[in-house]
Amino acid sequence: MELFKEIWAVNPPALFAVICLIGYFWGMAVVFIASPIKNAESFSVKPVDNAGKTEIRVYYGGISFALGAFLLYLTLSLGTAYHSLIGGVIFATTVLTTRTIFLCVDKGWKCPYTKLAIPAESAFVIALWVCFFLTQKYI
């Protein structure tokens with residue numbers, strides 16, 4: 001706990017954002033590992049067999065867990081959340097940008113998931129960028 005207090009003192013906006021990122025990634029991991037088909041279908045993804053179910057667990061669940069764990073490791077090992085925040089900003093901005101481009105290409109704008117994903121991801125990315133800009137006074 002003392003280490004988190006020290007990291008908070010170094011850069012509070014960065015640590016706040018990284019805690020949110022880790023919570024997001026670990027929450028996604030739990031959701032997709034525990035109930036892969038139900039949750040994947042809400043993302044318009046449906047496995048064709050049991051190996052597909054495993055892939056959903058691995059790529060949506062396992063990789064989400066790994067990303068959260070890596071951000072935690074990076075924060076603790078460097079004693080600052082700044083670099084983890086930069087990674088999270090790059091990741092989230094890339095996902096939103098890629099989603100937006102390919103929704104236009106694939107004409108997926110009317111899908112129910114898209115109507116939730118674009119505003120939610122946009123708000124998340126904006127919040128991360130705000131935290132990034134707030135971190136500048138601590139550098």
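Ring centers of F4 and W8: at least 6.0 Å apart, outside the cut-off. Two rings, from Y59 and F32, have their centers 6.0 Å or more apart.
Put simply, OG1 on T93 and CZ on F124 are 10.0 Å apart, with the number rounded to the nearest 0.5 Å. To the nearest 0.5 Å, the span separating OG on S84 from CD1 on I7 amounts to 9.0 Å. Distance CD1/I37 to NZ/K46: 8.5 Å, rounded to 0.5 Å. Atom CD1 of I90 is separated from atom CG of L85 by 9.5 Å, given to the nearest 0.5 angstrom. Here OG of S35 is found 8.0 Å from CZ of R57. Values are rounded to the nearest 0.5 Å. Separation of atoms SG (C104) and CH2 (W109) is listed at 5.0 Å; rounding is to 0.5 Å.
Cluster annotation: Y24 and I33 are assigned to distinct hydrophobic clusters (Ile/Leu/Val/Met/Phe/Trp/Tyr, side-chain heavy-atom contacts under 4.5 Å, transitive). Both M28 and F65 are members of a single hydrophobic cluster when ILVMFWY side chains are connected at heavy-atom separations under 4.5 Å. Connection of V130 to I139 is not established within any shared hydrophobic cluster, with ILVMFWY side chains joined at heavy-atom distances below 4.5 Å, either directly or through further cluster members. Transitive grouping of hydrophobic side chains (ILVMFWY, heavy atoms separated by less than 4.5 Å) keeps V10 and L15 in distinct clusters. At a threshold of 4.5 Å between side-chain heavy atoms, the hydrophobic network of Ile, Leu, Val, Met, Phe, Trp and Tyr places L78 and I86 in two separate groups.
Shown here for P47 and I56, the closest heavy-atom pair between the two residues is CD-CD1, 3.7 Å. Here the closest heavy-atom approach between residue G68 and residue I22 is recorded as O-CG1, 3.6 Å. Here the closest heavy-atom approach between residue G61 and residue A29 is recorded as O-CB, 3.2 Å. Across all their heavy atoms, A92 and L128 have their closest contact at CB-CD1, 3.7 Å. Shown here for S44 and Y113, the closest heavy-atom pair between the two residues is OG-CB, 4.4 Å. I118 approaches R99 most closely through the heavy-atom pair CD1-CD, 3.7 Å.
For the side-chain contact (heavy atoms from CB on, under 4.5 Å) with H83, the qualifying choice from V18, L74, L71 is L74, the only one to do so.
Atom CG of N50 has 12 or fewer heavy atoms from other residues, nucleotides or ligands within 6.0 Å. Residue F16 places its CZ atom among 12 or fewer non-hydrogen atoms of other residues, nucleotides or ligands, all under 6.0 Å distant. Under a cut-off of 6.0 angstrom, the local environment of CZ in F43 is crowded, with over 12 non-hydrogen atoms contributed by other residues, nucleotides or ligands.
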- Query: Given L96 and S122, is the side-chain contact (heavy atoms from CB on, under 4.5 Å) satisfied, shown in steps?
  - Reply: CA-CA 7 Å; L96 177 61; S122 296; 3.8 Å; yes
- Any chance you could lay out the side-chain contact (heavy atoms from CB on, under 4.5 Å) test for Y60 and V45, step after step, and finish with the verdict? CA-CA 11 Å; Y60 284 88; V45 175; 3.7 Å; yes
- Message: Is there a side-chain contact (heavy atoms from CB on, under 4.5 Å) between F25 and I63? Walk through the geometry before answering.
- Response: CA-CA 9 Å; F25 287 130; I63 289 177; over 6 Å; no
- Stepwise side-chain contact (heavy atoms from CB on, under 4.5 Å) test for V95 and V125: CA-CA 10 Å; V95 168; V125 167; over 6 Å; no
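In this structure, the side chains of F133 and P13 stay at 4.5 Å or more apart for every pair of heavy atoms. Contact check for T75 versus T80: no side-chain heavy atoms found under the 4.5 Å cut-off.
Judged purely by atom type and a 3.5 angstrom limit, T114 has no side-chain atom pairing as donor or acceptor with the backbone of K110. Side-chain atoms of D49 come within 3.5 Å of backbone atoms of A51 as a donor-acceptor pair (strictly under, hydrogens ignored).
Between Y73 and F70, the ring-plane angle classifies as tilted under the 30° and 60° cut-offs.
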